[in-house]
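Since the structure comes first, as structure tokens, the remarks are kept for the end.
In this text the structure is predicted, and so the values were computed from the model without any measurement.
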Amino acid sequence: MRAKLILHALAAGLFACRAADRPIRVGSKNFSESVLLAEVAAQALEHEGLKVDRRLNLGGTFICHRAMIAGDLDLYPEYTGTAFTAILTRKPVSDPALVRREVAQEYLKRWGLVWSPPLGFENTFALIMRGDDARRLGIRSISDLAPHAENLRPGFGYEFIEREDGFKGLVRAYDLHFARQPAEMDLGLLYPALSSGKVDLIAGNSTDGLIDAIGGVVLEDDRHYFPPYEAAFVVSGKREERTPAVRRALDRLAGRLSAQTMRSWNRQVDRDKRSPQEVAREILAGL
């Protein structure tokens, strides 16, 4: 019996060592900011001497979350409001501390996942129009859309259409009545469609680099519908425990990224066509 216990202990120790030696699997969603943040984390991990397996552009929120709970990823960038509403299916609230506390507690309890310290910026949903149209119609806020909604052609990504904190809740909160259903399109097509006049209103992200590049205008969320979306990393609790360098790498990023600089970096990727790897190197060099 004692020999069996020793063998089991040795096997468990060997498994833990192998798990700790395995490359850190860093994932991302399928939009530029997520890829860029994942690349920043990957390079920060490599600076700590760790091997990294990049699994970028995986898809939307639910794909990345399933990969985490299945053990196929060790970390990926996420937003607290997205986790709160899309994953935990809670009703949107506006208190950032409450949202962060709730997602941290529930992710750890349900799936053994840990949230890193916030990166320092929030990336909320944003309704965006062409600047010329917004000025001509006198639209500055989402409330201002109401008298014009039936003549506007909206275009949104799949997640925004389906999520509770997206289109469905938005039209209820602002009493919007569009004459046609939103065109559903890939996130990468939203800004070209808005710029070319194929749609008149899109739901992007507040730190998107292409907002300024196309002369877009972000409409004020004057009824505070969208919840707080603080950027951070979701991390495997086991991986963090076995590999302290993971925490050191992510702590290096805590509170160091602002919304203004994030929009500038996103613009370099989306408009200027610089690679996320190159921009990530500059970000880390400046921290």
Side-chain angles (χ1 to χ4, degrees), residues 29-31 33-34 59-63 65 78-96 98-99 102-103 122-208 210-211 214-230:
K29 302 184 192 182
N30 59 342
F31 63 96
E33 180 170 290
S34 185
T61 299
F62 302 108
I63 291 174
H65 180 67
E78 188 53 279
Y79 306 91
T80 54
T82 300
F84 190 78
T85 56
I87 301 300
L88 300 181
T89 66
R90 305 292 170 81
K91 296 294 183 182
V93 297
S94 59
D95 184 341
L98 184 153
V99 171
E102 189 77 8
V103 297
E122 185 179 329
N123 184 3
T124 184
F125 277 126
L127 291 194
I128 301 155
M129 295 182 66
R130 290 182 294 275
D132 290 344
D133 287 350
R135 287 185 287 272
R136 175 173 55 83
L137 297 172
I139 298 176
R140 296 181 178 84
S141 67
I142 300 177
S143 289
D144 292 337
L145 285 172
H148 306 283
E150 64 178 4
N151 297 317
L152 296 176
R153 298 164 298 167
F156 302 136
Y158 169 78
E159 277 198 24
F160 187 78
I161 291 175
E162 294 298 321
R163 280 168 49 168
E164 181 61 33
D165 60 335
F167 177 69
K168 298 174 184 177
L170 179 78
V171 294
R172 291 195 300 268
Y174 281 96
D175 194 27
L176 300 176
H177 301 280
F178 294 100
R180 64 197 77 187
Q181 282 294 108
E184 183 178 316
M185 59 185 69
D186 184 82
L187 295 178
L189 300 177
L190 289 173
Y191 286 97
L194 181 63
S195 180
S196 65
K198 292 180 180 178
V199 298
D200 304 310
L201 177 73
I202 64 172
N205 299 301
S206 59
T207 56
D208 284 344
L210 289 180
I211 296 173
I214 68 164
V217 170
V218 175
L219 305 184
E220 179 191 354
D221 179 15
D222 51 309
R223 297 186 183 176
H224 306 289
Y225 166 70
F226 294 119
Y229 295 89
E230 291 182 304

Pro147 to Asp144 - nearest heavy-atom pair and separation: CD-O, 3.3 Å
Gap separating the CG atom of Leu170 from the CG atom of Leu176, nearest 0.5 angstrom: 5.5 Å
Separation between CD of Glu220 and CD1 of Ile142, rounded to the nearest 0.5 Å: 8.5 Å
From NE2 (His65) to CD1 (Ile63), nearest 0.5 Å: 13.0 Å
Student check: side-chain heavy atoms of Ser143 and Arg223 closer than 4.5 Å: yes
Reported CD1-to-CD1 distance for the pair Ile214 and Ile202, which is rounded to 0.5 angstrom: 5.5 Å
Nearest-0.5 Å distance, NZ of residue Lys91 to CZ of residue Phe84: 11.0 Å
Validation: residues 177-194 side-chain donor-acceptor distances under 3.5 Å, sequence neighbours left out:
residue : atom : partner : partner atom : Å
His177  : NE2  : Asp175  : OD1          : 2.9
Asp186  : OD2  : Gly188  : N            : 2.9
Tyr191  : OH   : Asp208  : OD2          : 2.5

Asn123 versus Glu33, side-chain donor and acceptor atoms under 3.5 Å: yes
Contact summary for Lys29 and Glu78, nearest pair of heavy atoms: NZ-OE1, 2.8 Å
Residues Val217, Arg135; criterion side chain to side chain contact (heavy atoms under 4.5 Å, CB included); working and verdict: CA-CA 9 Å; Val217 170; Arg135 287 185 287 272; 4.2 Å; yes
Shortest non-hydrogen contact between Arg130 and Val199, atoms and distance: NH1-O, 2.7 Å
Aromatic centroids of Tyr229 and Phe125 separated by under 6.0 Å: yes
Leu127 side chain reached by Phe160 side chain, heavy atoms, under 4.5 Å: yes
Side chain Thr80, main chain Glu230, donor-acceptor under 3.5 Å: yes
Nearest atoms (heavy-atom pairs only) where Met129 meets Leu137: CE-CD1, 4.4 Å
Inter-residue atom distance His148.NE2 - Ile139.CD1, 0.5 Å rounding: 4.5 Å
Closest contact, heavy atoms only, Ser141 versus Leu219: C-CB, 3.9 Å
Side chain proximity check, Thr124 to Asp221, heavy atoms < 4.5 angstrom: no
Aromatic plane relationship, Tyr225 with Tyr174 - under 30° parallel, 30 to 60° tilted, over 60° perpendicular: perpendicular
Side-chain donor-acceptor pairs of residues 150-159 under 3.5 Å, sequence neighbours excluded:
residue : atom : partner : partner atom : Å
Arg153  : NE   : Asp200  : OD2          : 3.0
Arg153  : NH1  : Gly197  : O            : 3.1
Arg153  : NH1  : Lys198  : O            : 3.4
Arg153  : NH2  : Gly197  : O            : 2.6
Arg153  : NH2  : Asp200  : OD1          : 2.9
Glu159  : OE1  : Thr61   : OG1          : 3.1
Glu159  : OE1  : Arg163  : NH1          : 3.1
Glu159  : OE2  : Thr61   : N            : 2.5
Glu159  : OE2  : Thr61   : OG1          : 3.3

